[in-house]
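Comments concern the structure below.
Heavy-atom basis, side chains included; hydrogens, waters and symmetry copies ignored.
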Amino acid sequence: MSTTSTAPAPARAGTPSLTSLTPVFVRLKLSLLRNGLRQSSSRTAVYVTSLVLTLLFAALVLLGLIALRGNDHAAALAVLLITIVALGWAAMPLFFPSGDETLDPTRLAMLPLRPRPLIVALLFTSMIGIGPVFTLAVAVGSVIALAHGAAATVVGILAVLLVGLVCVALARAVATANVRLLTSRRGRDLAVLSGLFIAIGAQGVNLGVQKLTGPDGLGVLDPVATVVRWLPPASAVDAVDAASKGSYGRAAAGLALTALALVLLLWWWQRTLTTLMTAPDSSTLQAVEKDTARRSSERGPLRLLPAGRTGTVMLRSLRYAWRDPKTKMSWAAALGVGLLLPIVTGVQGNGSVYSACWAAGLLGIQMYNQFGQDTSAFWMVAQTIAAPRDAYVELRARALTIALVAVPYVTAVVIGAAAVLHQWSEFPEAYGIALALLGALVGTGALSSALAPYSIPSDGRKNVAPGQTGIASLSIMGGMLVGGLLAAPVLGLTIALHVTDAHGLLWLVLPVGAAYGLAAAYAGLRIAAPRVANRLPEILAAVSKG
């Protein structure tokens, strides 16, 4: 009599089951967290403080959403909150790649793990942390505010699960797709720029709060929420509101959209994870291939740079702006804030096309402390300066690099401000003043670079070497004051034409401002050049202190 065994076959080597892999990764995440906190008391204090503050904020958001239960605009607010949270999850791996050691799957590349069980284990592991707790608090509060009836409650439970999984899967997929970028020098540069994006986001939140405190209250959110509610995972929250109102078809569609988004994210995550684990990275490429790619890129737009020393210096300055983290941060802040200020003032209702002059001012001060940006490498530049003519060509090339970016950018900002604010009649005068201010700051920046250079430390977050704070303040603040005074004649011309009702001649401010800015920059370069040539040892000593 034969019998058939029903015992499960043992798992093949290298293919761990979901039930065995997930607990291992959960314990690994907890161990990493525990060991990280044991490294120092300061790290423990920071983590505990952030945990307490996050939980407190999550509790306030939860109570606020519960208080809105029954409000006609609660659905719009809940949908937008979930959308903002999802955007935060998408951006978090890009700007804070070192915040979670488990975000780098390349550390598991040598282990015999298949993508599907690995994804499931990482997905559940990612639910451990401060971020998921806050996300679930927002989702639960949104469901409580919108759910009315048994059907809506069931839909709400599904919505909370889907929102949490989609947010975590989104962060994981983005991190996996960009992990080689995030663990490289460019990734660290991107993290340096996170402060700028946080500042811009804070301004957006500030504008939103101001709109909410207006006479319309939460009603201003309805037009945006009408569109956003069809975007996952906000569609799952909207499904709760639809189920409460008896629109079961819309509720099913909202849940289906979020579920479909989860499936697509997991599929994308699995594909990028498989590629990451099996494809060679840039470290395996031949040096000749890298050199060929570099040479081909230099045959692109860079071939349009002037020949000789001018083109060489411009190319070096452009590479500093692209590769050096602190120089890149300075440029990014000038570009971002210069565009943000006209937008903020315009949205607040007190906008003026003259606010575009901020773009010219912020980009003009990039000319200050030119040699300090070179740090100790300035000694190589100093070897090529033997006469005032050499110093003039060096400074002129650096000024042309700034003008290469600043002139088209300022032009675009002024045109955009005039178009948005419908102030085309004031465009010529605003543009002329902006060009005059840009030229004046470039000229005074060249002189300041020669007379008051200071060192910028290559490591750490400090932008001024110890003991040189006074020099830096004098260089920047004094130079900006003098630059503003130099641009005063063009501003005075504008005021005079307005006072005398000669509005038909205001168009003259544009050519006068452009010519004046060009003359101011030229004069500043000419005055600064002999001083650079005569003070090379002092400049070299000052910029090398960091």
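Legend: residues meeting ring-ring contact (aromatic ring centres under 6.0 Å, His included) with Y248, ordered by chain and number and at least two apart, are absent. With sequence neighbours excluded, no residue forms a salt bridge (Lys or Arg N to Asp or Glu O under 4.0 Å) with R271.
Taking the side chain as every heavy atom from C-beta outward, V163 and V85 never approach each other to under 4.5 Å.
For the residue pair W230/S235, the side-chain donor-acceptor check at 3.5 Å is not satisfied.
Smallest separation of non-hydrogen atoms from T327 and Q373: CG2-OE1, 4.3 Å. Shown here for V414 and V353, the closest heavy-atom pair between the two residues is O-CG2, 3.9 Å.
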Set out, in order, the CA-CA distance, both residues' side-chain angles and the distance that settles salt bridge (charged side-chain N to carboxylate O under 4.0 Å, His left out) for D241 and R250, then state yes or no. CA-CA 9 Å; D241 182 58; R250 198 180 95 195; 3.5 Å; yes
Listed pairs under 3.5 Å, donor-acceptor, residues 357-366 side chains, sequence neighbours left out:
| residue | atom | partner | partner atom | Å |
| --- | --- | --- | --- | --- |
| Q366 | OE1 | S330 | OG | 2.7 |
| Q366 | NE2 | S330 | OG | 3.3 |
| Q366 | NE2 | L362 | O | 3.2 |

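From L273, atom CG reaches atom CH2 of W268 across 12.5 Å, with rounding to the nearest 0.5 Å. L146 CG to S244 OG: the interatomic distance, rounded to the nearest 0.5 Å, is 6.5 Å. The structure places CG of L77 at 4.5 Å from CG of L81, a figure rounded to the nearest 0.5 Å.
For OH of Y409, the number of neighbouring non-hydrogen atoms (other residues, nucleotides, ligands) closer than 6.0 Å is greater than 12.
In terms of modelled atom types and a separation under 3.5 Å, the side chain of R69 and the main chain of A147 share a donor-acceptor contact. Remark: side-chain polar atoms of T258 are not paired, donor with acceptor, to backbone N or O of L255 under 3.5 angstrom.
Taking the ring centroids of F124 and F25, they lie at or beyond the 6.0 Å cut-off.
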